[in-house]
Amino acid sequence: MGAVRRHLARPDLSDGARKELSDALHDLLRRAGRPSTRDIAAALKDLLHPPPSHTRIHDLFTHRRLPDWELTMCVVQVLACRARGLDESGECDRFDRLWAVADEELVLDPLTTDDDRSTAEQVDPAPSLHYKGSKSAQPANTAPASHLLPNPDRSRAVLFGVDTYAHLPALPGVSAGLHDLGATLAGPTGAFSPEHSQVMVNPRNATEVLDLLKESSDMAEDTLLVYFSGHGLIDSQSGDLSLALPESRYDAEYTSLQYSWIRRALLESPAQRKLVLLDCCYSGRAADVMGGGDDPLPLTDIEGTVLISSAGANHVALAPRGEQYTAFTGELIDILRHGVPDGPHILDIDLIFRELRRRTAAKGRPMPQIQQRGSVGLLPLATNPLYREEPPS
């Protein structure tokens, strides 16, 4: 006789949005033929880095806490492909809405315990900062947008990159991307001030970068943003990521800026929230440097940090020929400048990341990755130019 596959137990949940999400996940699992958690984990190897273990998949279906958004959406994508008569895009949109409402339910419930919250994203106690999903998920009475963004006087942004290399291919879109992204972050919809946003193109050496980063990271008390655009290289001995400088060579790791040095500046900064964005090849490897590839929370030793990379650990980023910017930076600038249709008044990091993935997937380009620790993914980064307040009914 064949082995009998046991059904995953449903968590004991009271009526509400979290239960609706759980019930929908179990129903989708049934319609997909009830694949095992090991089968689902294997199917996710090309979608997530680091790939989730089968126990994480098991927890997604059986634990009371709200599961990680990215893992949930990837599982939905896998199951929707296997279920008959389901539109994958439609299912992803449906579960995105279910997750957003469940997340908002946690924010608004003062009796929520840590066991109810996602292991990858603990909710900040200040409900006014949490805007997930559509406008319908927002609290009715909110503070003005300027009160929700990081304090510009106590925040710092450092953007650096390289477009001209002596021994590597040139990246002509980097300079324009850095300057325009810096101007956007410090513009009318951004969270930073021009006097505290530094842009450095083609630094002469690692010391020049680290001196600037050290100065800014020491002064940042609210939010610290670090952005790099250029070539990413892999250390032949350790396999870690390094950031290529103008004189860097493939065969000489010491000519590049080791990402571990960036990490040290983050560790030492008094900033409450730290955002790192890497637009380079193999940028997903920075997550491993942050805490180990087998750790489901690679940033556990740097509380309040989020890392967004333009490509996975073993993938190249894209610099389309003839385009003004690199692919990742171009999409980010467009989101911050022109907004998200039907989006909330405030764009937090999680929402921006989801929009980045949606756009890059639609164009068949490398998928950005995210790793975070704490509730920093809920950090408001910009106001939404496309937001339209609905008239009272």
Side-chain angles (χ1 to χ4, degrees), residues 49 157-187 189-190 192 197-203 209 212-213 225-234 241-248 250 256-257 259 262 275-287 306-340 347 349 352-371 381-382:
H49 176 79
V158 176
L159 300 90
F160 70 101
V162 180
D163 62 1
T164 303
Y165 290 91
H167 310 287
L168 305 175
L171 296 172
V174 165
S175 179
L178 286 170
H179 285 291
D180 289 353
L181 179 59
T184 302
L185 289 169
T189 63
F192 298 86
S197 299
Q198 305 293 327
V199 176
M200 178 182 290
V201 181
N202 297 327
V209 176
L212 175 62
L213 180 57
L225 181 147
V226 180
Y227 195 96
F228 170 77
S229 183
H231 284 298
L233 303 175
I234 301 301
L241 173 71
S242 62
L243 311 179
L245 300 175
E247 296 294 330
S248 294
Y250 285 116
S256 300
L257 172 57
Y259 182 75
I262 304 290
L275 172 60
V276 182
L277 302 107
L278 301 177
D279 186 6
C280 62
C281 299
Y282 316 114
S283 50
R285 297 219 172 192
V306 61
L307 165 71
I308 296 179
S309 53
S310 62
N314 300 305
H315 296 86
V316 296
L318 189 63
R321 186 183 300 273
E323 294 193 12
Q324 184 177 7
Y325 310 117
T326 59
F328 176 80
T329 299
E331 296 292 357
L332 181 58
I333 291 173
D334 188 71
I335 291 170
L336 296 176
R337 278 184 174 176
H338 303 117
V340 177
L347 302 180
I349 293 172
I352 292 170
F353 172 74
R354 280 147 47 192
E355 183 68 10
L356 279 169
R357 284 184 67 92
R358 185 190 69 80
R359 295 187 182 195
T360 52
K363 296 178 181 179
R365 291 179 169 180
M367 296 287 281
Q369 307 292 318
I370 190 170
Q371 298 287 348
L381 195 60

K.L.:
For Tyr227, which residues count as a ring pair (Phe, Tyr, Trp, His ring centres under 6.0 Å) partner, sequence neighbours excluded?
P.N.:
none
K.L.:
Holding to side chain to side chain donor-acceptor pair (under 3.5 Å), I want the full list of residues that pass it with Ser256, two or more places apart in sequence or in another chain.
P.N.:
Ser248
K.L.:
Against Pro203, only a single residue in Leu212, Leu243, Val209 fulfils side-chain contact (heavy atoms from CB on, under 4.5 Å); can you say which?
P.N.:
Val209
K.L.:
Can you find a pair of side-chain heavy atoms, one from Ile335 and one from Val340, that are under 4.5 Å apart?
P.N.:
yes
K.L.:
Is the closest side-chain heavy-atom distance between Leu277 and Leu181 below 4.5 Å?
P.N.:
no
K.L.:
To check you understand the geometry: which heavy-atom pair defines the closest contact between Pro368 and Arg357, and what is its length?
P.N.:
O-NH1, 2.6 Å
K.L.:
If the condition is side chain to side chain donor-acceptor pair (under 3.5 Å), which residues does Ser197 pass it with, not counting sequence neighbours?
P.N.:
none
K.L.:
Is there a side-chain contact (heavy atoms from CB on, under 4.5 Å) between Leu185 and Leu159? Walk through the geometry before answering.
P.N.:
CA-CA 11 Å; Leu185 289 169; Leu159 300 90; 4.2 Å; yes
K.L.:
Would Leu347 and Thr189 satisfy side-chain contact (heavy atoms from CB on, under 4.5 Å), going step by step from the backbone distance to the final call?
P.N.:
CA-CA 10 Å; Leu347 302 180; Thr189 63; over 6 Å; no
K.L.:
To the nearest 0.5 Å, what is the distance between OG1 (Thr329) and CZ (Phe228)?
P.N.:
10.5 Å
K.L.:
Would you check, one step at a time, whether the test side-chain contact (heavy atoms from CB on, under 4.5 Å) holds for Leu278 with Leu241?
P.N.:
CA-CA 11 Å; Leu278 301 177; Leu241 173 71; 3.9 Å; yes
K.L.:
Under the rule for side chain to side chain donor-acceptor pair (under 3.5 Å), what residues qualify as partners of Thr184, not counting sequence neighbours?
P.N.:
Arg337
K.L.:
Going by the side chain to side chain donor-acceptor pair (under 3.5 Å) test, which pairs reach into residues 160-176, not counting sequence neighbours?
P.N.:
Asp163-Asn202
K.L.:
Is there a side-chain contact between Leu332 and Ile308, using heavy atoms and a 4.5 Å cut-off?
P.N.:
no
K.L.:
Main chain of Leu171, side chain of His231: is a donor-acceptor contact present, judged purely on distance under 3.5 Å?
P.N.:
no
K.L.:
Rounded to the nearest 0.5 Å, what's the gap from CG on Leu257 to CD1 on Ile262? Could you check?
P.N.:
4.5 Å
K.L.:
Please give me the minimum heavy-atom distance between Leu168 and Ala244, naming the atom from each residue.
P.N.:
CD1-CB, 3.7 Å
K.L.:
Just to verify, what does Arg359 make a side chain to side chain donor-acceptor pair (under 3.5 Å) with, not counting sequence neighbours?
P.N.:
Asp334, Glu355
K.L.:
Applying side-chain contact (heavy atoms from CB on, under 4.5 Å), run through Tyr325 and Asp279 and close with a yes or a no.
P.N.:
CA-CA 11 Å; Tyr325 310 117; Asp279 186 6; over 6 Å; no
